[in-house]
Amino acid sequence: MKTRFFAMAAMSCLGMAAVVSSCSNEKHENPFLTEYSTPYEIPPFDQITPADYMPALRAGIVQHNAEIDSIINNPDTPTFENTILAMEEAGNLINKVAIVFYALTESDSSDELVAVAEEFEPTLSQHSDSISMNPALFERVKYLYDNLDSLNLDTPRRRAVEQSYKSFTRNGALLNDADKARLMDINTQLTGLYQQFNKNLLNATNEFEIIIDDESRLAGLPQSNIDVAAEEAKKAGHEGKWLFTLHAPSRLPVLQYADDRELRREMYEGYTSLASEGKYDNGPVINKILHLRAQKAKLLGYENFGEYMTANVMAGSVKNAEDLLMQIWKPAVAKVNEEVAEMQAVVDAENGGFKIEPYDYYYYAEKVRKQKYDLDENEVRQYFAVDSVRKGIFTMANRLYGINFTEMPDAPKYNPEVKVYDVTDNDGNHVAVFMTDYFPRASKRQGAWMSEFKGAYVDEDGTDVRPIIYNVGNFSRPVGDTPALLTLDEVETMFHEFGHGLHGMLTRVALRSQAGTNVDRDFVELPSQIHEHWAMEPELLKVYAHNYKTGEVIPDALIEKLNAASTHNMGFTTTELAGAALLDLQYGKLNPAEGDSIDVKAFENEVSAKLGKPAQVQYRYRSPYFKHVFGSDGYASGYYTYLWAEVLDTDGFELFRQNGIFDPATAKSFKENVLEAGGSEDPMVLYRRFRGQDPTPAALLRNRGLAK
């Protein structure tokens with residue numbers, strides 16, 4: 001979810017301030033090298049070309065180096081202002097170009113951007129290392145850190161010094177020159193490997209397809225999904241047939257509804273073998289990543305990469321993360337055994353003659369849900385058109401935090417499907433710009449996320465600079481005259497990513513490095529996950545869940561069914577999530593010797609056996625497509641954070657339940673102590689200030705139906 005800057009390669013014919021369109025005599029001004037004249041400084045996407053990125057990056061590096069030189073050559077004694085704040089205000093041009101490139105390579109990529117990335121990414125990585133390993137710069141930070149108690153700084157500024165010192169040391173500032181050079185080489189190699197992992201994954205995802213020419217094989221599938229598959233087939237030159245892909249809106253309905261067991265198996269095995277063999281095999285890439293990470297951890301004085309990653313967050317160690325996960329794992333596995341027994345009973349009653357396999361789980365879980373709760377998700381989806389759910393998240397934000405969303409139809413967009421909103425408070429003051437991009441396309445990676453085109457901070461003249469935040473998803477597309485009808489999982493995802501968005505939009509701290517989602521990795525999911533709870537609250541459902549055909553408000557009887565079924569299949573969902581988190585932590589503990597080769601599938605099976613993972617449940621992400629862990633190092637040895645944060649969000653939402661889900665005082669406390677505060681204080685201090693107590697896993701287990 002958090003921004004990671006990707007790299008790209010030059011395609012320009014001239015220097016920094018201008019490039020030549022198609023190498024002709026017509027000059028093209030580089031948009032990054034001038035002030036944006038757009039509303040709220042939204043990037044002018046229609047003016048940006050692939051050839052603009054490298055010249056802008058090079059200009060940014062020159063500028064940043066000059067800014068750093070000015071800091072380290074300052075003859076005055078280091079102060080917060082002339083060192084930490086000066087570093088905060090440096091590098092703006094690099095950030096300006098990198099955040100746009102990151103957004104487009106993830107959301108609206110192209111062959112040109114992929115080519116550019118091959119130069120941009122290592123260039124940016126090497127520059128970042130040169131700053132973080134600069135001994136003169138570190139000496140100024142170290143002086144402040146060593147004299148912290150005498151500086152009389154407020155809490156956010158004191159924390160900024162501590163975090164800066166920690167960042168320098170974790171990035172090699174204490175190493176000798178030879179080890180610094182080795183670390184820079186490792187980081188450059190890792191940057192390239194992450195790029196290769198993501199490229200393989202995108203290509204493998206887009207290459208896979210299932211084409212159906214026998215309509216009888218579509219039995220059980222919702223008509224809306226059949227219609228989308230027909231449209232996709234027509235686009236691909238297979239008119240009269242049906243085309244299914246691995247993108248979630250295509251894949252999941254097949255697994256959940258298709259009566260054709262062979263079709264479900266083909267889809268399931270296509271997904272779980274993604275990027276696992278052939279020209280897009282990520283196994284060798286993972287091996288290289290694991291070797292380099294182990295070397296990096298050793299250089300920096302850690303037992304393994306997992307300890308390096310967890311030392312810097314709330315958990316503090318791999319063991320603490322594992323201990324939490326195992327408290328959740330054991331009751332989840334017990335619940336899976338109950339769920340499998342219920343599904344097997346359905347198979348046997350239908351004289352199926354087979355045992356439940358992983359590719360049967362979604363299908364028979366849906367049958368059990370219908371039997372137990374008389375709940376048909378196809379019926380439910382009629383009340384969750386994408387615009388209705390959008391109304392739901394905006395209403396929630398207004399009632400909790402007093403903000404409003406006004407569409408800006410003429411604002412710059414990187415893709416025509418993007419919607420842009422001016423966010424204001426109830427007094428009409430500008431709060432943020434918010435963008436949404438909700439539907440899948442070949443140029444977009446899978447998943448859902450939040451990031452920013454501009455961060456928030458307070459300028460040196462006291463101006464409160466407001467952010468530009470965006471949400472990206474891969475939700476079910478509209479088809480014909482039927483709007484996009486979201487599944488319950490997609491509804492939850494929209495609320496989740498909007499929660500991240502609120503964290504970014506409502507931030508009110510002074511320092512860029514502490515704004516919005518710049519918090520500990522295992523705290524960042526609290527704002528996203530707590531807002532999921534409002535999605536199915538009857539008081540809000542009555543406002544936004546309307547039948548797209550009739551306008552009818554969702555009936556009380558259906559709300560009761562939704563609430564009754566809210567913990568259905570939670571054994572499965574918890575086990576696949578916790579299993580993936582535990583697998584990630586086991587990877588973090590590896591220290592492969594030079595020349596050792598790790599058989600990825602065998603390692604997964606070994607971890608499964610040690611955990612006693614049920615055979616019917618796969619990891620949420622198998623290693624070759626575990627982008628959180630191997631597509632960058634953002635969530636490496638940190639996938640557990642979703643469950644760590646769920647301990648906080650379920651405990652925190654109980655306070656809203658006690659006081660009223662739209663209670664003004666509770667909402668104000670959450671807004672001020674969590675959403676506005678960003679990373680300005682220790683996250684547990686902020687949480688306790690909001691909640692009034694320490695969290696325990698008890699609320700999580702109750703919320704998931706794993707305990708009474």
- Query: Gln446 and Thr205: side-chain contact (heavy atoms from CB on, under 4.5 Å), yes or no, with the steps?
  - Reply: CA-CA 9 Å; Gln446 292 199 58; Thr205 301; 3.2 Å; yes
- Task: Please lay out, stage by stage, how Asn30 and Ile48 fare under the test side-chain contact (heavy atoms from CB on, under 4.5 Å).
- Result: CA-CA 7 Å; Asn30 191 322; Ile48 297 169; over 6 Å; no
- Query: Hey, mind stepping through Lys279 and Glu207 against side-chain contact (heavy atoms from CB on, under 4.5 Å) and telling me if it holds?
  - Reply: CA-CA 11 Å; Lys279 59 183 176 180; Glu207 186 176 84; 3.4 Å; yes
- Verdict with reasoning, Phe603 to Leu590, per side-chain contact (heavy atoms from CB on, under 4.5 Å): CA-CA 11 Å; Phe603 184 76; Leu590 289 178; 3.8 Å; yes
- Can Tyr271 and Phe208 be said to form a ring pair (Phe, Tyr, Trp, His ring centres under 6.0 Å), step by step? CA-CA 9 Å; Tyr271 182 63; Phe208 181 89; 9.4 Å; no
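Formation of a donor-acceptor pair under 3.5 Å by the Asp522 side chain with backbone atoms of Ala315 is found in this model. The main-chain N or O of Gly516 is found under 3.5 Å from a side-chain atom of His503 such that the two form a donor-acceptor pair. When atom types are taken as modelled, the side chain of Tyr687 and the backbone of Leu648 share a donor-acceptor pair closer than 3.5 angstrom. With hydrogens and angles ignored, the 3.5 Å screen pairs a side-chain donor or acceptor of Tyr619 with a backbone N or O of Ser608. In this structure, Ser637 contributes its side chain and Leu585 its backbone to no donor-acceptor pair below 3.5 Å. Using modelled atom types, one side-chain atom of Ser276 and one backbone atom of Ser273 make a donor-acceptor pair closer than 3.5 Å. Judged by distance alone, with hydrogens and angles left aside, the side-chain atoms of Asp52 form a donor-acceptor pair with the main-chain N or O of Thr49 at under 3.5 Å. A donor-acceptor pair under 3.5 Å is formed between the side chain of Asn518 and the backbone N or O of Ala515. Distance alone, capped at 3.5 Å, is enough to place a donor-acceptor pair between the Asn474 side chain and the Gly447 backbone. Using a distance-only test at 3.5 Å, with no hydrogens or angles considered, no donor-acceptor pair links the side chain of Glu119 to the main chain of Met54.
For the side-chain hydrogen bond (donor to acceptor under 3.5 Å, both in side chains) criterion with Asn282, the lone passing option out of Asn287, Asn198, Asn200 is Asn200. Of the candidates Tyr642, Tyr587, Trp449, Tyr635 forms a ring pair (Phe, Tyr, Trp, His ring centres under 6.0 Å) with just one, namely Tyr642. Checked against Asp108 for a salt bridge (Lys or Arg N to Asp or Glu O under 4.0 Å), the options Arg445, Arg441, Lys444 give a single hit: Arg441. When each of Gln514, Glu81, Glu162 is paired with Arg157, the side-chain hydrogen bond (donor to acceptor under 3.5 Å, both in side chains) condition holds for Glu81 and for no other. Residue Lys589 is tested with Glu322, Glu303, Glu307 for a side-chain contact (heavy atoms from CB on, under 4.5 Å); the sole match is Glu322.
Residues forming a side-chain contact (heavy atoms from CB on, under 4.5 Å) with Gln126 (at least two apart in sequence, or on another chain): Pro122, Thr188.
When all heavy atoms are compared, the tightest approach of Leu583 to Ser623 is CD2-OG, 4.0 Å. When all heavy atoms of Thr507 and Ala456 are compared, the pair lying nearest together is CG2-CB, 3.5 Å. Considering all non-hydrogen atoms of both residues, Ala275 and Ala204 come closest at N-CB, 4.0 Å. Across all non-hydrogen atoms, the minimal contact from Ile84 to Val161 is CG1-CG2, 4.0 Å. Arg620 and Tyr639 make their closest contact through CD-OH, 3.4 Å (heavy atoms, listed as atom of the first residue, atom of the second, distance). Minimum heavy-atom separation, Ser130 to Met184: N-CE, 4.1 Å.
Atom-to-atom distance recorded for Thr272:OG1 and Tyr625:OH is 5.5 Å, nearest 0.5 angstrom. Rounded to the nearest 0.5 Å, atoms OH (Tyr143) and CZ (Phe138) are 15.0 Å apart. One distance of note links NZ of Lys142 with CG of Asn147; it measures 9.5 Å at 0.5 Å rounding. With rounding to the nearest 0.5 angstrom, the CG atom of Leu104 is 11.5 Å from the CD1 atom of Ile99. In this structure, OG1 in Thr641 is found 8.0 Å from NE2 in His628, a value given to the nearest 0.5 Å. Rounded to the nearest 0.5 angstrom, Ser107 OG and Tyr102 OH are separated by 7.5 Å.
With respect to Lys627 and Glu106, a salt bridge is recorded, a charged nitrogen being found less than 4.0 Å from a carboxylate O. Electrostatic pairing of Lys454 and Glu41 counts as a salt bridge here, judged by a charged N lying under 4.0 Å from a carboxylate O. A salt bridge does not link Glu576 with Lys613: every distance from a Lys NZ or Arg NE/NH1/NH2 to an Asp or Glu carboxylate oxygen is 4.0 Å or more. In summary, Arg182 and Asp185 engage in a salt bridge, as defined by a charged side-chain N under 4.0 Å from a carboxylate O.
Side-chain atoms of Met87 and Arg140, non-hydrogen and from C-beta on, never get closer than 4.5 Å to each other. Here the side chains of Leu190 and Asp633 are not in contact, with every heavy-atom distance at 4.5 Å or above. Contact annotation: the side chain of Lys601 approaches that of Arg622 to within less than 4.5 Å [non-hydrogen atoms, C-beta and beyond]. In this structure, the side chains of Leu299 and Ile186 come closer than 4.5 Å at one or more pairs of heavy atoms. Side-chain contact check for Asn152 versus Phe80: every heavy-atom pair is 4.5 Å or farther apart. In this structure the side chain of Phe168 reaches within 4.5 angstrom of the side chain of Leu137, judged on heavy atoms. At least one side-chain heavy atom of His291 sits under 4.5 Å from a side-chain heavy atom of Asp596. Side-chain contact check for Ser125 versus Asn187: some heavy-atom pair is nearer than 4.5 Å.
Stacking of Lys96 on the aromatic ring of Phe453 is not recorded, the 6.0 Å distance cut-off and the 45° axial limit not both being met. The cationic group of Lys298 does not satisfy the cation-pi geometry with Tyr308, failing either the under 6.0 Å distance to the six-membered ring centre or the 45° limit from the ring axis.
Around atom CG of Asp177, no more than 12 heavy atoms belonging to other residues, nucleotides or ligands sit under 6.0 Å away. Open room surrounds OH on Tyr145; 12 or fewer heavy atoms of other groups in view lie less than 6.0 Å from it.
With hydrogens and angles left out, the side-chain atoms of Glu67 and Ser70 include no donor and acceptor closer than 3.5 Å. Counting only N and O atoms by type, the side chains of Thr79 and Asn82 include a donor and acceptor under 3.5 Å apart. With hydrogens and angles left out, the side-chain atoms of Asp649 and Gln529 include a donor and acceptor closer than 3.5 Å.
Classification of the Tyr414-Tyr470 ring pair by plane angle, with boundaries at 30° and 60°, yields perpendicular. Taking the six-membered ring for Trp and thresholds of 30 and 60 degrees, Phe630 and Phe626 have ring planes more than 60 degrees apart, a perpendicular arrangement.
Not less than 6.0 angstrom separates the ring centroid of Tyr302 from the ring centroid of Phe305.
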